[in-house]
Amino acid sequence: MTRHGNDHQAEGPEQKGGAACDVVIAGGGPAGLAAALSFAREGWQVSVVEKAPCSVLEAPSFDGREIALTHHTVHWLKQHGVWDEIPAEAICPLDVARVESGSLGGPPLIFHAPDGGGAALSDAGPEGEPLGFLVANHLIRRALHRVVSRTEGITLLCQTGVTGYQTGRDAVQVRLSDGRAMQARLLVGADGRFSQIRELAGIGAIVHDFGMSILVCRMRHLTPHDNTALQWFDERQTIALLPVAPDGGMGDISSLVLTLPPDDIARLRVAAPDDFNAEITRRTDERLGLLRVMSDRITYPLKAVYAHRFQAPRVALIGDAAVGMHPITAHGFNFGIRGQETLVQELSAGPGDPGDAASLQRFERRHRKATFPLFTATNAIAVAYTRDDGPFPLARRAGLMLANRLAPFKKAVTRMLMDPV
């Protein structure tokens, strides 16, 4: 390979070997595995490099996250055979999204599926369909792995990572932590919000630290959730209760997403079950009656990330490496699917080189246009709804009251939530 440009590397063992493929994807999460399927469908040879053992990808553990899938994402999953690998009984339709301002009172802001009244306008989304579908993240990851494992043209390399790369005119040489080197024509960073590929490429990022943490777990309750997602902004806390498909037991199940200062989250994570149940029931004003925890309690720091660029010479960023969203709009996963889809579409429309610079630039423009407005709006909303000083509480109440009266606004939000095909 004729080498040009800079050498990008982190500390690691001396390189050896020389396997070749068209695309190396760093990261075996949902965005990385989805990208592998998209590239393979176009006839490109793909290697996915993942630090975790293959057993973790084959049978990922419950991580507390329920993913709100848009219609566009579901369509992509169906096209690539992934949807059929998700148990039908584990898929919960989302019929209603309800936003409240807690103790400040005022009417809730309610979004219905297009045949359910309220925001049900004919062009808000596909009639007769729910707003979206809620599926546990670990089940989506397992389904993606199952399809990847039987797809020709994809090689999965586990328990190794990328330690550096060197770009050339026609190729990129990627160094792995196990000492091997791989030659490809494109390196894709799908390695999360704190992406090493992004760092190696010298791409900066906007990192918005909200100074809060999130606790997620499943809670059982006797009051039915009616396939309704509740987002509740209250003084010093934000709560989401997301409907989960029933498991045949007594009562319904919802996924709790609780946002509080880190010290409060740390305390609740280790609280005795009875104490935890009592506090969460109190924090939710007994909206669903007595809540009982029925899963592990898992915590995450609340940070949003937006890369300054989504591409560099023979490098592309997708998933959270490109855009790591605040969970308030539930669009992070969907942007991950759409981003890899956009990338492969633009490269497939190019001259046949998956590292073509012009095609990568077109991908960046499209994905930035699709994500930046919602990223900035989401961060602004998150700040406004997590501050309780000054005029913020009254402004929140006034904003909900105004939004509730604006049919075009509700129609636009409904369409965003559904993201129809």
Side-chain angles (χ1 to χ4, degrees), residues 4-6 8 21-27 29-48 70 72-73 75-77 79-80 153 165 167-172 174 184-191 193 195 197-206 305-325 331-377 416 419-421:
H4 303 266
N6 295 326
H8 310 263
C21 60
D22 294 308
V23 181
V24 171
I25 299 174
L33 295 181
L37 292 174
S38 293
F39 278 116
R41 175 169 280 201
E42 294 300 318
W44 280 317
Q45 297 293 312
V46 185
S47 292
V48 180
T70 65
H72 184 98
T73 296
H75 177 71
W76 186 93
L77 294 172
Q79 276 190 320
H80 292 78
Y165 74 88
T167 54
R169 178 181 298 162
D170 301 313
V172 55
V174 181
R185 294 191 286 170
L186 177 69
L187 172 62
V188 176
D191 51 343
R193 295 181 188 225
S195 167
I197 301 303
R198 189 177 68 220
E199 182 178 344
L200 290 172
I203 298 174
I206 300 168
V305 176
Y306 200 92
H308 293 162
R309 292 181 289 125
F310 299 158
Q311 54 85 31
R314 298 206 170 271
V315 175
L317 301 178
I318 60 172
D320 283 356
V323 182
M325 292 286 290
H331 259 50
F333 185 98
N334 298 294
F335 277 158
I337 296 297
R338 187 176 280 276
Q340 60 83 26
E341 183 183 31
T342 300
L343 173 64
V344 177
Q345 285 174 351
E346 291 299 340
L347 294 174
S348 298
D353 176 4
D356 175 62
S359 300
L360 290 174
Q361 291 164 5
R362 288 195 301 270
F363 150 70
E364 179 171 36
R365 287 194 295 269
R366 279 184 60 189
H367 198 43
R368 189 174 298 279
K369 181 178 179 181
T371 59
F372 192 70
L374 187 58
F375 178 84
T376 53
M416 179 201 73
D419 191 16
V421 180

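All of these numbers come straight from a predicted model, not from anything done at the bench. Side-chain atoms are counted along with the backbone in the values below, which use heavy atoms only and exclude waters and symmetry mates. FYI, the numbering just counts along the sequence from 1.
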Original post:
Which pair of non-hydrogen atoms, one from Cys21 and one from Gln45, has the smallest distance, and what is that distance?
Top reply: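 The answer is CB-O, 3.7 Å.
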
Are the side chains of [X] and [Y] in touch, meaning some heavy atoms are under 4.5 Å apart?
{"X": "Trp44", "Y": "Leu186", "result": "no"}
{"X": "Val23", "Y": "Arg185", "result": "no"}
{"X": "Val24", "Y": "Val188", "result": "no"}
{"X": "Thr73", "Y": "Phe333", "result": "yes"}

Within the distance-only criterion (no hydrogens, no angle test), does the side chain of [X] pair as donor or acceptor with the backbone N or O of [Y] below 3.5 angstrom?
{"X": "His80", "Y": "Trp76", "value": "yes"}
{"X": "Asp22", "Y": "Pro354", "value": "no"}
{"X": "Arg314", "Y": "Asp356", "value": "no"}

Using a 3.5 Å cut-off and no angle test, enumerate the donor-acceptor pairs between side-chain atoms of residues 336-345 and protein atoms at least two apart in sequence or in another chain.
residue	atom	partner	partner atom	Å
Arg338	NH2	His72	ND1	3.1
Arg338	NH2	Asp419	OD1	3.0
Arg338	NH2	Asp419	OD2	3.0
Gln340	OE1	Ser38	OG	2.7
Gln340	NE2	Ile337	O	2.9
Glu341	OE1	His72	NE2	2.7
Thr342	OG1	Arg338	O	2.9
Gln345	OE1	Arg366	NH1	3.2
Gln345	OE1	Arg366	NH2	3.1

Check the pair Leu360, Phe310 against side chain to side chain contact (heavy atoms under 4.5 Å, CB included), reporting the backbone distance first and the verdict last. CA-CA 8 Å; Leu360 290 174; Phe310 299 158; over 6 Å; no

* To do: Go through the steps for Glu364 and Glu346 under the test side chain to side chain contact (heavy atoms under 4.5 Å, CB included), then give the verdict.
  => CA-CA 10 Å; Glu364 179 171 36; Glu346 291 299 340; over 6 Å; no

_Over 60° means perpendicular and under 30° means parallel, so tell me whether Phe335 and His367 are parallel, tilted or perpendicular._
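Judged by the thresholds at 30° and 60°, the geometry between Phe335 and His367 is perpendicular.
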
Parallel, tilted or perpendicular: rings of Tyr306 and Phe372 (30°, 60°):
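Perpendicular: the ring planes of Phe372 and Tyr306 meet at over 60°.
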
Worksheet item: Taking it one step at a time, do Leu317 and Ile203 satisfy side chain to side chain contact (heavy atoms under 4.5 Å, CB included)?
Response: CA-CA 10 Å; Leu317 301 178; Ile203 298 174; 3.9 Å; yes

Exercise. List in chain and number order the residues that pass side-chain contact (heavy atoms from CB on, under 4.5 Å) with Ala190, two or more places apart in sequence or in another chain; answer none if no residue qualifies.
Key: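 Checked Ala190 against side-chain contact (heavy atoms from CB on, under 4.5 Å); matches are Ile25, Ile318.
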
